[in-house]
Student: 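This is the structure I want to talk about, given as structure tokens.
This structure is a prediction, so every number in the text was calculated from the model and none was measured. As the structure lists them, so they are numbered: ligands from 1, and atoms in each ligand from 1.
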Amino acid sequence: MSQDKLVYLDYAATTPVDSEVVRVMEPYWQDTFGNAESIHKHGQEAMKAIDDAREIIKNFLGASALREIIFTGSATEANNIAIQGTVSRFAFQNGKKVHIITSAIEHSSVLKPFQYMEAKGLADVSYIQPDSNGVIDPQKIKEALRPNTVLVSIGYANNEIGTIQDIPTIGEIIRDDRESRIKNPAVAPASPRLRRASKALAGKQESENKKSGIHNSKFMIPYFHTDAVQATQFLEMDVNKLNADLVTFSAHKVYGPKGVGVLYIRDGVGIEPLMHGGKQEYGIRPGTLNVSLIVGCARAIELAFEKRQENTKKIFELRNYAIQRIQQVAPYAQINGSLEQRTPNNINVCFRGEDGQSLLIGLSEKGVCVSLGTACAARAGQASHVIQALGKTKEDARASIRISLGKHTEKKDIDFFIDALHPLLHNRK
Ligand code: PLP
């Protein structure tokens, strides 16, 4: 086996930037380098590029106004702004903590801000457990809602096991809850200030709706946030079909550049900025805009959208071939999480009795790049919280690896991976 060949099967961690994306970014480093806030020609050119990029993202998400699209430095940052920004807006109204809901299988950029808000004494948190397939029952979210719930954040597709959550139904449950709070003040937030803030938002949203004629739902807390980083290139992203109020994604997972993310904030959703110091991004994310990365992000999204069906079909078929080949060499191997409700690129497999980290290193030495769920977990040698939440043991979690395919993956890459994996398994056919 040649040591020179490198097979990359870690597309859920990051993707190579498309040449077309690199091409459109190029002029904004040296030629059109202006500060988008400047009013001279260089600044105007930069602002035009930002406006065009924002328009592309707005259309991709089916958003109704440009101001609903906020460019950030990453999805991690976007998640933090959505979560901490909501809590700080509503926390300690009337001296009471707020309540927020998430799931036990979120990416750390969602889980950690929730834990932080909890540790700071700003919020009580409900962590919803998935079933053994990694699927969250929307009914459990309904049951967890409280009169003072201000935010529900559920990831669209899981980064470790690829399981897809029923975001439209969860969004509908939250919308119904909001409407029942408006109709029935008895179940409205316990704090009068919170109630007033919610009603004010509802009123504002209603008048916005009338103006735009686009939305017809009344607006109020709780807000519904979804981290759509792993879903962006494969699944429906229309925010109105998803019934979502806050949505995050990242360019580098869709063949765009690293260092740029997007936060969609539905009109009428009020959150506190985490940073202060400038007017950029409607004051939600101040700081001089990185025009090149933003332009690249928008082009990557356009390309992903154009080729969505074609790429999904190709990757799905190759993924199924890979699972079949894994089962040939290791019939005892178990796929973690639902196979049906899953992104087409993800395989997360438990080789019971093996050490995932050793497999990872062994594969890497043979030129194959895979992961232990997340790139960060692989470094820390931790047992995945996601796989343990499926009811599996720490040992099984440690015996699992994530293989994620992308649009450049070919059948021969899968065969190369299997040839590298087979001799590394202690229990093999
Ligand atoms: N959310 C999910 C589901 C992810 O998979 C990732 C990256 O792995 C992130 C958030 C963080 O994205 P970024 O690297 O842009 O901060």
Student: Between A78, S371, G259, S109, which one has a non-hydrogen atom sitting closest to atom 10 (C) of ligand 1?
Tutor: S109
Student: Any carboxylate oxygen within less than 4.0 angstrom of a Lys/Arg side-chain nitrogen, looking at D355 and R398?
Tutor: no
Student: May I ask you to decide whether K307 forms a salt bridge with D18, counting only side-chain N to carboxylate O separations under 4.0 Å?
Tutor: no
Student: In the protein, which heavy atom is nearest to atom 3 (C) of ligand 1, and how far is it?
Tutor: D227 OD2, 3.5 Å
Student: Between E317 and K313, is there a side-chain N and carboxylate O pair less than 4.0 Å apart?
Tutor: yes
Student: Among protein heavy atoms, which lies nearest atom 4 (C) of ligand 1, and at what distance?
Tutor: H107 CD2, 3.4 Å
Student: Does a donor on one side chain and an acceptor on the other come within less than 3.5 Å for S103 and E106?
Tutor: yes
Student: Just need the protein heavy atom nearest to atom 12 (O) of ligand 1, so name the residue and atom and give the distance.
Tutor: A75 CB, 3.3 Å
Student: Looking only at protein heavy atoms, which one is nearest to atom 5 (O) of ligand 1, and how far off is it?
Tutor: Q230 NE2, 2.8 Å
Student: At less than 4.0 angstrom from any non-hydrogen atom of H252, what atoms of ligand 1 do you find?
Tutor: 13 (P), 14 (O), 15 (O)
Student: Flag S250 as yes when one of its N or O atoms lies below 3.5 Å from any N or O atom of ligand 1, and as no otherwise.
Tutor: yes
Student: For R23, is there an ion pair with E26 - N to carboxylate O distance below 4.0 angstrom?
Tutor: no
Student: Is G261 in contact with ligand 1, taking contact as a heavy-atom separation below 4.0 Å?
Tutor: no
Student: Given that the side chain starts at C-beta and the backbone is N, CA, C, O, which of these parts of T76 lies under 4.0 Å from ligand 1, counting heavy atoms, or is it both or neither?
Tutor: both
Student: Below 4.0 Å, non-hydrogen atoms only: which portion of S74 touches ligand 1? Side chain, backbone, both or neither.
Tutor: both
Student: Return the residue, atom name and 0.1 Å-rounded distance of the protein heavy atom closest to atom 7 (C) of ligand 1.
Tutor: K253 NZ, 2.8 Å
Student: Does any N/O atom on A13 come nearer than 3.5 Å to any N/O atom on ligand 1?
Tutor: no
Student: Hey, can you tell me if H408 and Y11 have their rings parallel, tilted or perpendicular (30° and 60° cut-offs)?
Tutor: tilted
Student: Salt bridge or not for D51 and K58, using N-O below 4.0 Å?
Tutor: no
Student: Pick out which of N133, N346, T163, N348 makes a side chain to side chain donor-acceptor pair (under 3.5 Å) with N336.
Tutor: N348
